[in-house]
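These notes concern the structure reproduced below.
Keep in mind that this is a model prediction, so the values were computed, not measured.
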Amino acid sequence: MIREVLSRLAAVLCAAALFFLCGSVIPASLAGEEPAPEPETSVSEPAEPTEPAEPADPEPEETAGPEYFSLVMVGDCTLDGLEYQAVVGDDYAYPFSGTRSYFDGVDFTMANLECALTTEVSTSSKNFVFRAPPAYASIMVEGGIDFVTLGNNHVLDCGEQGYADTKKALDDVGVAYAGRDEWTVYTTENGLKIGVYALSFGTEAQIRAGIAALQDAGADFIIAALHWGDEGSYHANKTQTAQAHAAIDAGADFVYGSHPHTLQPMEEYEGHYIFYSMGNWTFGGNTNPRDKDTILLQMTVRRDPDGTVSVDGYEIVPCACSGEANGNDYCPVPYEKDSEAWKRTLSKLDGTFDGKDLNISYQYTFSEY
């Protein structure tokens, strides 16, 4: 018994000495306690190898397609005459009221304004002098016309002052124009730059110079607005043909002709269109025109991504320059489709019309051009 007690005392003394020397915790087994269980550890299984992700296909770049622009053109607008002013008065929307819907939502609309807008009194000895109040510029606005050519033989009927007054009247209402032997670049709301060069009884050299100026100015689509030809004739003369071809050869995209007051055959030349004479539109120069046939020309212009611009197509709306058959109410109206008048009008454009030229009872002098 004494030996057992001494043995335990010796064990305790040894443990205390070990603690003092090593700073270790007394094992639980020596302290009379059960040892704490060893913590369990776990090893994760290696992950299965995965196939590398396929790279995502890049989003395809959107390729810009062609752009399309709508153009509408009509012929001579002569707003003069006591009867014209008596009929129209201050109802500026009236002259285009029979066709106004054709001008809505169009990118570019154009006409030939063949009169002076002025209060200046004329001293000219010409056969015909055409003058209208400056306020009649609003007829173009109400009719939906964006642009007029002044390259004709009547804008100078009241001299240089009348010509300046005409330009001011148009400026005041926001209608763009190209004067005689002048050019203008008109930019549509959708960004097409339309260049118009206007000339009245000029030369090929003038035409080439005007078109070159428009090219230098960055015009996308060039119109040569040429006043020429024989009044009352249903055929283009040699000078018209030569000048039209020269215009296209020089870089014009389209030729818009006026002066004869009749329709003349259109021509396709080198992939471009020539309308030698657009005829009358709202025409105050005669109270009962012998030939009332006219047209409204609708064109679609295409601009490709590379900047190439061309006429993509066109439609012709045969019209009468008056809604009154025996007289003139100065309000153009469309002909009924496939009617005799409709077909007759188209025949004047395709060259199959066999009617005689109108007899003109007066002669022009050089000063009248």
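In the model, E267 has no side-chain atom that pairs as donor or acceptor with a side-chain atom of H272 under 3.5 Å. No side-chain N or O of D80 forms a donor-acceptor pair with one of T78 less than 3.5 Å apart. D181 and Q206 are linked by a side-chain donor-acceptor pair at a separation below 3.5 angstrom, with hydrogens and angles left out of the test. In the model, Y256 has no side-chain atom that pairs as donor or acceptor with a side-chain atom of N112 under 3.5 Å. The closest side-chain donor-acceptor pair between N280 and T294, if any, does not fall under 3.5 angstrom. A donor-acceptor pair shorter than 3.5 Å can be found between the side chains of Q161 and D165. A side-chain donor from one of N288 and N326 sits under 3.5 Å from a side-chain acceptor of the other. Side-chain contact, E270 with H245: no donor N or O sits under 3.5 Å from an acceptor N or O. A donor-acceptor pair shorter than 3.5 Å can be found between the side chains of D306 and T308. Between the side chains of S70 and D107, at least one donor N or O sits under 3.5 Å from an acceptor N or O.
Annotation: side chain of I295 is not in contact with side chain of C319 (no heavy-atom distance under 4.5 Å). Two residues are said to be in side-chain contact when any heavy atoms from C-beta on lie closer than 4.5 Å; R180 and L150 fail this criterion. Put simply, the side chain of V311 does not reach to within 4.5 Å of the side chain of T300, judged on heavy atoms. Within the 4.5 Å cutoff, side-chain heavy atoms of M299 are placed close to those of F254. Between V309 and V301, the closest side-chain pair of non-hydrogen atoms falls below 4.5 Å. Residues M278 and S258 form no side-chain contact, since every pair of their non-hydrogen atoms from C-beta on lies 4.5 Å or further apart. The closest side-chain heavy-atom distance from C158 to S122 is below 4.5 Å. For the pair P66 and R302, the minimum side-chain heavy-atom distance is below 4.5 Å.
Between K343 and D338 there is no salt bridge, since none of the side-chain N atoms of the basic residue sits less than 4.0 Å from a carboxylate O of the acidic one. Ion pairing of D157 with R131 is absent here, as no side-chain N (NZ or NE/NH1/NH2) approaches a carboxylate O to less than 4.0 Å. A salt bridge links D291 to K348: at least one charged side-chain nitrogen sits closer than 4.0 Å to a carboxylate oxygen.
Both Y94 and Y136 belong to a single network of hydrophobic side chains, linked directly or stepwise wherever heavy atoms of I, L, V, M, F, W or Y lie under 4.5 Å apart. Note on L263: it does not cluster hydrophobically with L296, by side-chain heavy-atom contacts below 4.5 Å among ILVMFWY residues. The cluster map of Ile, Leu, Val, Met, Phe, Trp and Tyr, joined by side-chain heavy atoms under 4.5 Å apart, puts Y314 and V255 in different clusters. Linking ILVMFWY side-chain heavy atoms closer than 4.5 Å, directly or via other members, places V88 and F96 in a single hydrophobic cluster. The hydrophobic clustering, which links ILVMFWY residues whose side-chain heavy atoms are closer than 4.5 Å, places V196 and L214 apart.
In the displayed structure, E67 atom CD is contacted under 6.0 Å by more than 12 heavy atoms of other residues, nucleotides or ligands.
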**OP:** Check step by step if side-chain contact (heavy atoms from CB on, under 4.5 Å) holds for V175 and V148.
**Re:** CA-CA 7 Å; V175 174; V148 296; 4.2 Å; yes
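Aromatic rings from F221 and F69 are positioned such that their centres are separated by 6.0 Å or more. For an aromatic pair to be called close, the ring centres must be under 6.0 Å apart, and F108 with Y186 satisfies this. In this structure, Y177 has its ring center at least 6.0 angstrom away from the ring center of F147. In this structure, the ring of Y276 has its center no less than 6.0 angstrom from the ring center of H235. Between H259 and F201, a ring centre-to-centre spacing shorter than 6.0 Å is recorded. In this structure, F353 has its ring center closer than 6.0 angstrom to the ring center of Y234. Note: F283 and Y330 fail the aromatic proximity criterion, with ring centroids not under 6.0 Å apart.
For the pair K167 and Y163, the distance from NZ or CZ to the six-membered ring centre is under 6.0 Å and the angle to the ring normal is within 45 degrees.
Between N153 and S200, the shortest heavy-atom distance links the atoms N-OG, 3.6 Å.
Once rounded to the nearest 0.5 Å, the distance linking CD of E231 with OG of S277 reads 10.0 Å.
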